[in-house]
2 protein chains.
Amino acid sequence: MTVQRRLVLDALQRARHHTTAEEIARQIRARHPQIDPSTVYRNLEALEELGYVTHTHLDDRVTRWHRADVERHGHLVCRRCGSEQEIPLRTLEPLGRRLRSEQGFRADLAHSAIVGICRECAP
Amino acid sequence: MTVQRRLVLDALQRARHHTTAEEIARQIRARHPQIDPSTVYRNLEALEELGYVTHTHLDDRVTRWHRADVERHGHLVCRRCGSEQEIPLRTLEPLGRRLRSEQGFRADLAHSAIVGICRECAP
DNA sequence: GTCACTATTGCCACCACTTGCGATAACCTT
DNA sequence: AAGGTTATCGCAAGTGGTGGCAATAGTGAC
Ligand SMILES: [Mn+2]
Ligand SMILES: [Mn+2]
Ligand SMILES: [Zn+2]
Ligand SMILES: [Zn+2]
């Protein structure tokens, strides 16, 4: 556990919910400018491997990181207005069971947001 | 309809299935080296707006493009071995209906692959 | 405590785009 | 066919993230 890794973990504790790596790097570099952004990225991966953090993908190319101990949940994101909504994993579980039994595939349905059109934007 | 846009559309017709923008740019620039990659990216977006093409996301940072008239389908991708599998949209429809009725959300379940562990990699 | 070994780091170049800008091409109107 | 308007283009710089590499820090064995 290096000081760099400690700083990344601390930043994740402070942020309650899906932060970006860039935001974490910005915070750390405010006090420790010698720490390289690539070190932050690598430590997020390492901490994920160790089971401390996980990530999800919304509809852009930016990965969202959070502590592993927050309750897992799915995301709906509107491709029109960009709004994000959280949904209980329970809603997604029937599909998970189906993919498991029909294809032998253990889906991680919280990993990527479901993209679509939200109620407000519906035509 | 500029010659650049025509070339992008032609490249998509030749490739039967989820190509990358980089691959299309490579093909076009082999014959027309003055055409900039950014023109390819912008034309893919324009053609999507016009309804000719769509895109999907697998588990990397690369966007996959295809003609809009190919049969829509879902993707399963294994985060362990990277294997990709196509599944009929029919399998995903029950979830789509549920999100529609419970949240008023019109999900596009073919837009992002479902990430998980495939049968071969299961522990 | 010293030494060896391994993990991690900062730096840099790259990747897959994205965006701003001034130049050019497409398309209307007359 | 010419002129004006708008869309699109090539170029170059920027963004979020990845990967190689040599230097350094952490760790554990003696
Ligand atoms: Mn998308
Ligand atoms: Mn991921
Ligand atoms: Zn919306
Ligand atoms: Zn697999």
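The chains referred to below are lettered A, B, ... by the order of the sequence lines, with proteins before strands, and numbering in each begins at 1. The structure displayed is predicted, hence computed values, not measured ones.
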Could I get the full list of salt bridge (Lys or Arg N to Asp or Glu O under 4.0 Å) partners for B/Asp10, not counting sequence neighbours? B/Arg6

Students should find that the nucleotides of DNA chain C closing off the region near chain B, any atom under 4.0 angstrom from a heavy atom, are C/dC15 to C/dC27

Here the ring-ring contact (aromatic ring centres under 6.0 Å, His included) pairs for residues 89-109 of chain B, sequence neighbours left out, are none

Can you sort out the partners of B/Glu102 under side-chain hydrogen bond (donor to acceptor under 3.5 Å, both in side chains), two or more places apart, ordered by chain and number? B/Arg98

For A/Gln103, side-chain hydrogen bond (donor to acceptor under 3.5 Å, both in side chains) partners two or more places apart: B/Gln85

Parallel, tilted or perpendicular: ring planes of B/His75 versus B/His18, cut at 30 and 60 degrees: tilted

Taking all non-hydrogen atoms of both residues into account, name the closest pair between A/Thr54 and A/Glu48 and its distance. CA-OE2, 3.6 Å

Would you check if B/Ile28 and B/Val8 make a side-chain contact, meaning some heavy-atom pair closer than 4.5 Å? yes

Under the side-chain hydrogen bond (donor to acceptor under 3.5 Å, both in side chains) rule, collect the residues that match up with B/Arg100, sequence neighbours excluded. none

Which donor-acceptor pairs under 3.5 Å do the side chains of residues 86-96 of chain B make with protein atoms, sequence neighbours left out?
from, atom 1, to, atom 2, distance (Å)
B/Glu86, OE2, B/His17, NE2, 2.8
B/Thr91, OG1, B/Pro88, O, 3.3

Does B/Glu49 CD have over 12 foreign heavy atoms under 6.0 Å away? no

Taking any atom under 4.0 angstrom from a heavy atom of chain A, which nucleotides of DNA chain D are the first and last to qualify, 5' to 3'? D/dG16 to D/dT27

What residues in residues 15-40 of chain B put a non-hydrogen atom under 4.0 Å from any atom of DNA chain C? B/Glu22, B/Ser38

Which pairs with one or both residues in residues 21-52 of chain A pass ring-ring contact (aromatic ring centres under 6.0 Å, His included), sequence neighbours excluded? none

Under the ring-ring contact (aromatic ring centres under 6.0 Å, His included) test, residues paired with A/His57 that sit two or more places apart: A/His55, A/His111

Within residues 42-56 of chain B, those residues having any heavy atom closer than 4.0 Å to DNA chain D are B/Arg42, B/Asn43

Residue met sooner reading DNA chain C from 5', once B/Met1 and B/Val62 are mapped to nucleotides: B/Val62

